[in-house]
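Just follow the structure's listing: the first ligand is 1, and inside any ligand the first atom is 1. As the structure is a computational prediction, the values presented were derived from the model and not from experiment. Residue numbers count from 1 along this sequence.
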Amino acid sequence: MSGNQLDQKSKAWSALFSEPMSALVQRYTASVDFDQRLWRADIQGSLAHAGMLAAQGIIGAQDLADIQRGMAQITAEIESGAFQWKLELEDVHLNIEARLTQLVGDAGKRLHTGRSRNDQVATDVRLWLRGEIDALAGLLVDMQRALVEVAAKNTDTVMPGFTHLQVAQPVSFAHHLLAYVEMFARDAERLADVRKRVNRLPLGAAALAGTSYPLDREAVAAALGFDGVCENSLDAVSDRDFAIEFLAFASITMVHVSRMAEELVLWMSQNFGFIDLADRYCTGSSIMPQKRNPDVAELARGKSGRVVGHLMGLITLMKGQPLAYNKDNQEDKEPLFDTVDTLAATLRIMAEMVAGITVKPAAMEAAAKRGYATATDLADHLVKKGLPFRDAHEVVAHAVKLGLQKGVDLAELSLDELKALHPLVGDDAPQVLTLRGSLEARNVRGGTAPAQALAQIARHRARLA
Ligand code: ARG
């Protein structure tokens, strides 16, 4: 471009155009309202590109110095809020380039040599996302730590484990929380894996076919901390699979958060009463003075829908796009930004809330007893004495029936009552039927015995240190 044409884009793109863009089209196609968030990555990418252009002798040393000076001023202007973003300059890239040219003249106009906004925007999004990925990795560590520390205090706290939301077998509260630690640990692994594919440099692909200038792509990649370059220029500018993959990671993580949130809501309800959440995470009701609602957990559960929606949006956006770049791709940013914001805020607040949870062991134990959670233990006891499992299963059904008739837990039946059910019932049966006995018995690797929970906790603490 020559003269002040970048500034005059509102009039027309170039001499080729016979009329300016309509105001409606300008608003419809502009992205600067949201993509200005990429400004730091955009400047970082431009400086690396300019440095390489100068090193390759494509622009002069003075041009580079001018560009660096201009970008320093633009950085200061954006940071202070003085920078004037212009809708008629469409996006973050053209806004910054136009200001640069205003500040330093011809050097600013040379910056775009061997580059297109197509490889520029792909570079910016990857750079920005990489930074967010690193921050999210830290938040996932915080979440796991919070869960591990609450677990460490509750290896002997017994609660009912559920299947079909019916009381099944006793588990420790620690064991239950540690299940979520496993989920978040896998999420962290997935995130680290996504990062590898995000961290590749598109610059040098130019509009779609590469460029005729002798660019040193590896030098730019090294300057920007990328692990390598995108190997095909068409692919580099057109695919957003790295972003889709990130949204898949985020969706799975939010689903894990959502399941945990759902359990917190259930556990806090009067019908369970297993836990309490601190007042600062609850809200009241404008009409019912007795209410304390777990809004934070409910919102976290709700926000998972929104993140999964973004995944659907972006993956659908990609489908059917011919190679290479299409303007459709401008639509990748809002879902990506909102996902990062939603996930970060959710992880932060949920980790804090979990760390401050009040556990009510008596209510948990009572619920386990009410649900005959140790019925399997009585069956196992009979099997160990030689009774086939199916027969034992039937004997225990009678035991539960008796318990229900008398309104007591299995452990509260007398030894005589138990022995009357089957001659193979041994003197040690009552001990086997206690919640603690049941817990201790499941001392297989990955099982709910306190010794196993302690081993899990030690492993996680070492891993998260
Ligand atoms: N704002 C555009 C985006 O987000 C930048 C790339 C535009 N390239 C183009 N040839 N129109 O994708």
**Prompt:** When the ring planes of F274 and F272 are compared, do they come out parallel, tilted or perpendicular, using 30° and 60° as the limits?
**Reply:**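 Perpendicular, since the angle between the ring planes exceeds 60°.
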**Message:** Quick check: closest heavy atoms across D156 and P450, and the distance to 0.1 Å?
**Reply:**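 So the minimum-distance heavy-atom pair works out to OD1-CG, 3.6 Å.
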**Message:** Suppose we screen for side-chain hydrogen bond (donor to acceptor under 3.5 Å, both in side chains). Which residues come up paired with N443, at least two apart in sequence or across chains?
**Reply:**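 For N443, the residues satisfying side-chain hydrogen bond (donor to acceptor under 3.5 Å, both in side chains) (neighbours in sequence not counted) are Q452.
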**Item:** Listed partners of T339 passing side-chain hydrogen bond (donor to acceptor under 3.5 Å, both in side chains), at least two apart
**Value:**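 side-chain hydrogen bond (donor to acceptor under 3.5 Å, both in side chains) check on T339 returns nothing, list empty.
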Could you find the nearest protein heavy atom to [atom] and give me its residue, atom name and distance?
atom	result
atom 5 (C) of ligand 1	D91 OD2, 3.5 Å
atom 9 (C) of ligand 1	N118 OD1, 3.4 Å
atom 2 (C) of ligand 1	Q330 OE1, 3.3 Å
atom 11 (N) of ligand 1	R117 NH2, 3.6 Å
atom 12 (O) of ligand 1	Y325 OH, 2.4 Å

**Among V220, L203, L127, V198, the one residue meeting side-chain contact (heavy atoms from CB on, under 4.5 Å) with F226** =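 Per the side-chain contact (heavy atoms from CB on, under 4.5 Å) rule, the option paired with F226 is L127, out of V220, L203, L127, V198.
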**Message:** Using heavy atoms and a 4.0 Å limit, tell me yes or no: is K333 in contact with ligand 1?
**Reply:**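 Contact present.
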**Message:** Show me which atoms of ligand 1 lie under 4.0 Å from any heavy atom of S31.
**Reply:**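 Within the 4.0 Å cut-off of S31, ligand 1 contributes 1 (N).
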**Message:** Does the structure place the NZ or CZ of R126 under 6.0 Å from the centre of the six-membered ring of F242, at an angle of no more than 45° from the ring's axis?
**Reply:**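 Satisfied, under 6.0 Å and within 45°.
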